[in-house]
Every structure is written in C-alpha cells, then in structure tokens.
Amino acid sequence: YTTDNGAGCIQTVDIDIIVDDACAGEVAPTLDPAGPFTTADGVQNLVATPAGGTWGGATTDGTFDPSALGVG
C-alpha cells in the first residue's frame, strides 16, 4: 500500500497474504471396517465419521446389501 501526503512524503508498506486450501488442517473422514460378507448376509449399515456425508457406488444411503451384488 502506498500513500502520498501531498508534501513529497511517499510511504509504502507491504503485507504477505497466504491462502491455504479449504481442507488444509481438516481431519479426513473415516470409514468403519466392513466385511467380508456372504450373499446370505442381510442388509448392512455402513458407518462413516463425520456423519452427513454422501455415499457413492453401491449405496447412496449408507446401506449395503451383499446379496444384491453377488460374489466379487
């Protein structure tokens, strides 16, 4: 920043601004271990911390049905 008082006095001062990624310092989410399952097992509730995230892949609501996907 530079100022001029109109009487020949020009002064400048600098400041360093650091921008970090929004996730810097945040703890990554964790998943509780699950499986192995058999096709005879019922619907399983998957658990993650913190709660409230979005599941993807074979489930969108945090439940998993081993019989629906079959072996593999």
Side-chain angles (χ1 to χ4, degrees):
Y1 181 75
T2 301
T3 61
D4 181 346
N5 73 353
C9 181
I10 299 173
Q11 294 178 313
T12 301
V13 65
D14 296 321
I15 186 173
D16 292 327
I17 299 173
I18 299 170
V19 178
D20 288 329
D21 183 279
C23 292
E26 293 293 321
V27 176
T30 58
L31 301 175
D32 285 2
F37 302 113
T38 71
T39 55
D41 290 328
V43 174
Q44 304 294 311
N45 291 309
L46 304 176
V47 179
T49 303
T54 303
W55 291 94
T59 180
T60 57
D61 64 358
T63 61
F64 173 72
D65 184 354
S67 67
L69 293 179
V71 176

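Values below: every heavy atom of this structure, side chains too, minus hydrogens, waters and symmetry copies. Along the sequence shown, residues carry numbers from 1.
Residue pairs that meet the ring pair (Phe, Tyr, Trp, His ring centres under 6.0 Å) test with at least one member in residues 14-36, sequence neighbours left out, do not exist here. Legend: ring pair (Phe, Tyr, Trp, His ring centres under 6.0 Å) pairs involving residues 8-28, not counting sequence neighbours: none detected. Listed by first and then second residue, the ring pair (Phe, Tyr, Trp, His ring centres under 6.0 Å) pairs involving residues 7-30 amount to none (not counting sequence neighbours).
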Determine all donor-acceptor pairs shorter than 3.5 Å in which one atom belongs to a side chain in residues 4-26; sequence neighbours excluded.
{"from": "Asp4", "atom 1": "OD1", "to": "Gly6", "atom 2": "N", "distance (Å)": "2.8"}
{"from": "Asn5", "atom 1": "OD1", "to": "Ala7", "atom 2": "N", "distance (Å)": "2.8"}
{"from": "Asn5", "atom 1": "OD1", "to": "Cys9", "atom 2": "N", "distance (Å)": "3.2"}
{"from": "Thr12", "atom 1": "OG1", "to": "Thr2", "atom 2": "OG1", "distance (Å)": "3.1"}
{"from": "Asp21", "atom 1": "OD1", "to": "Cys23", "atom 2": "N", "distance (Å)": "2.7"}

Donor-acceptor contacts under 3.5 Å from residues 28-37 side chains, at least two apart:
none

Would you list the atom pairs, donor with acceptor, under 3.5 Å between side chains in residues 42-55 and any protein atom, with sequence neighbours excluded?
{"from": "Gln44", "atom 1": "NE2", "to": "Gly42", "atom 2": "O", "distance (Å)": "2.9"}

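Residues Thr63 and Asp61 approach most closely at OG1-OD1, 2.6 Å, considering heavy atoms.
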